[in-house]
Structure formats: C-alpha cells, structure tokens
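Worksheet for the structure shown next.
As a basis for the values below, the full set of heavy atoms in this structure was taken, side chains included, without hydrogen atoms, waters or symmetry mates.
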Amino acid sequence: MGEEANCNAVMEAANGNGNGKVKENGHAVVAMPDVKADDAVVAPADPRLQGISDAIRVVPHFPKPGIMFNDITTLLLRPGVFKDAVDIFVERYRGMDIAAVAGIEARGFIFGPAIALAIGAKFIPLRKPKKLPGEVISETYVLEYGTDCLEMHVGAIEPRERVLIVDDLVATGGTLCAAINLLGFLQAQWEAGLCTGGVSGI
C-alpha cells in the first residue's frame, strides 16, 4: 500500500512544505495550505480563530518541566467557542464525499463525532489496546519515549471510502501515521484533519 510514503507526504504537507494538494498512490490528499510571504493576495484571518486561541489555557511545566501545555478544557466550557472550532472543520470538509470520520483517542473523540454528525458521516473510534470489543486490527507506532498502539474494528469502513482523521496535533507524527496505516489496511482513501492553532491537551 505504500503507507510509509503516505505518512511522509502528510507530514510534509502538514508542516507547511506541501502545495495544498498531494498525490500519493493515486489518492488526492487535501493538505494544509502553503501560504507564501510574497503572495499578492492574503485572505483575512477568520475572526473566530482569535476567540479559539483566547479560550485555550496555557499551563507551564505540565506534565513535566519545560512543557507549555495547551489545555482545551477551558475551550470546552465555552459552548460558542467550541461550536466555532467545530464549524471551521465542518466548513472545510462538507461536500467532499467523506463517508467516515476517524477520531484518535482521546481528543479525537471530542471533535470527531460533532464533525461527523454535521457532515453526515459515520464516526469510527481509533482506540488504545483492549478497549474495543470484537475483532480489531492493530497498528503499533513509535513515540519519542517508547511505543504505543491503536486499534480499529474490522468492518468499520468499506474499501475506497473517504475518511477524515481527527487528532489534536502533529508532534512526531507517529499517531497520525498509525491511523493512516490502519485505514490503509482496508484500502480506504483518507484525509488528514489536523486541529491546529494550539488545540492540544485535555
């Protein structure tokens, strides 16, 4: 399936090195837009983004010294701002023939179902080991401090269905690549949905 190539393409695009569209193995991938400083026309910033940023609490030295933890629980306490965050993703992905939204445990469970309902898609939880009953497929991935694993129910998606993956951020990219590989086992098309702007932590 070329999962490694897919992961590299997504990581490059998400880090601002893509050109907005990436082709991997014949699948169109909507990447994060590449905005150049010398672009003649720059679209005005969405005013909702400032409200979202203001609603996120920064907690210094958590969970260990030197880390500035962006806590979204304060955003979740403000329904209007929470709705704005979901709406931005809905506006981006509505009308793109997305059949399923896959949410990565645990923060993908907060935004994923709301986005899925709004765009008329099913929701697929990607969970840590031994949390899902029934037959599952697993993917182990490397973290900066060890390894972890994601699991998904067999039969959750059909071949060639387009899936939106929702997670909180891209750090090393291991979790996102594990999700892509799980979906790739079932020959799904995928879109990488990345919550940016400091939406990280709970």
Side-chain angles (χ1 to χ4, degrees), residues 10 13-16 18 20-21 28-35 41-60 62-63 67-128 131-132 150 152-153 156-157 161-171 173 175-176 179-180 182-183 188-202:
V10 168
N15 288 323
K21 287 279 187 183
V29 178
V30 177
M32 304 299 281
D34 185 16
V35 179
V41 178
V42 178
D46 190 319
R48 296 173 294 184
L49 294 176
Q50 187 61 53
I52 292 168
S53 180
D54 291 345
I56 297 169
R57 173 177 59 176
V58 177
V59 182
F62 181 83
I67 293 179
M68 301 296 284
F69 189 84
N70 291 285
D71 177 22
I72 64 166
T73 59
T74 47
L75 180 150
L76 302 176
L77 296 173
R78 299 173 59 180
V81 181
F82 186 14
K83 182 178 185 301
D84 285 344
V86 172
D87 285 348
I88 287 172
F89 284 96
V90 170
E91 290 161 13
R92 179 172 183 172
Y93 292 106
R94 179 181 279 139
M96 294 181 66
D97 298 320
I98 292 170
V101 175
I104 298 174
E105 187 171 350
R107 295 185 262 305
F109 294 176
I110 296 171
F111 291 93
I115 295 168
L117 285 173
I119 65 175
K122 59 189 173 182
F123 178 74
I124 302 170
L126 303 182
R127 301 216 61 186
K128 297 298 175 66
K131 299 291 186 181
L132 293 172
L150 284 179
M152 179 179 72
H153 275 132
I157 58 171
E161 282 188 326
R162 175 170 266 191
V163 180
L164 170 68
I165 300 169
V166 179
D167 199 5
D168 60 331
L169 55 76
V170 174
T175 310
L176 179 60
I180 290 168
L182 278 176
L183 296 165
Q189 287 183 336
W190 47 267
E191 299 287 349
L194 311 176
C195 294
T196 59
V199 179
S200 61
I202 182 168

Nearest 0.5 Å, please: how far is [atom2] in [Y] from [atom1] in [X]?
X: Ile180; Y: Leu150; atom1: CD1; atom2: CG; value: 11.5 Å
X: His153; Y: Leu132; atom1: NE2; atom2: CG; value: 4.5 Å
X: Leu182; Y: Ile165; atom1: CG; atom2: CD1; value: 9.0 Å

Could you report the tightest heavy-atom contact between [X] and [Y], atom names first, then the distance?
X: Glu105; Y: Lys131; result: OE1-CG, 4.5 Å
X: Ala156; Y: Ile124; result: O-CD1, 3.8 Å
X: Pro63; Y: Phe69; result: CD-CD1, 4.3 Å
X: Lys122; Y: Ala116; result: O-CB, 3.9 Å
X: Ile104; Y: Ala179; result: CD1-CB, 3.8 Å
X: Pro113; Y: Gly108; result: CD-O, 3.8 Å

Side-chain donor/acceptor pairs under 3.5 Å, residues 80-90, sequence neighbours excluded:
from, atom 1, to, atom 2, distance (Å)
Lys83, NZ, Asp87, OD2, 2.7

Would you indicate whether the side-chain heavy atoms of Phe111 and Ile72 approach each other to under 4.5 Å?
yes
Applying side chain to side chain donor-acceptor pair (under 3.5 Å) to Arg57 and not counting sequence neighbours gives Asp71
List the steps, then state whether side-chain contact (heavy atoms from CB on, under 4.5 Å) holds for Leu183 with Met152.
CA-CA 9 Å; Leu183 296 165; Met152 179 179 72; 3.9 Å; yes
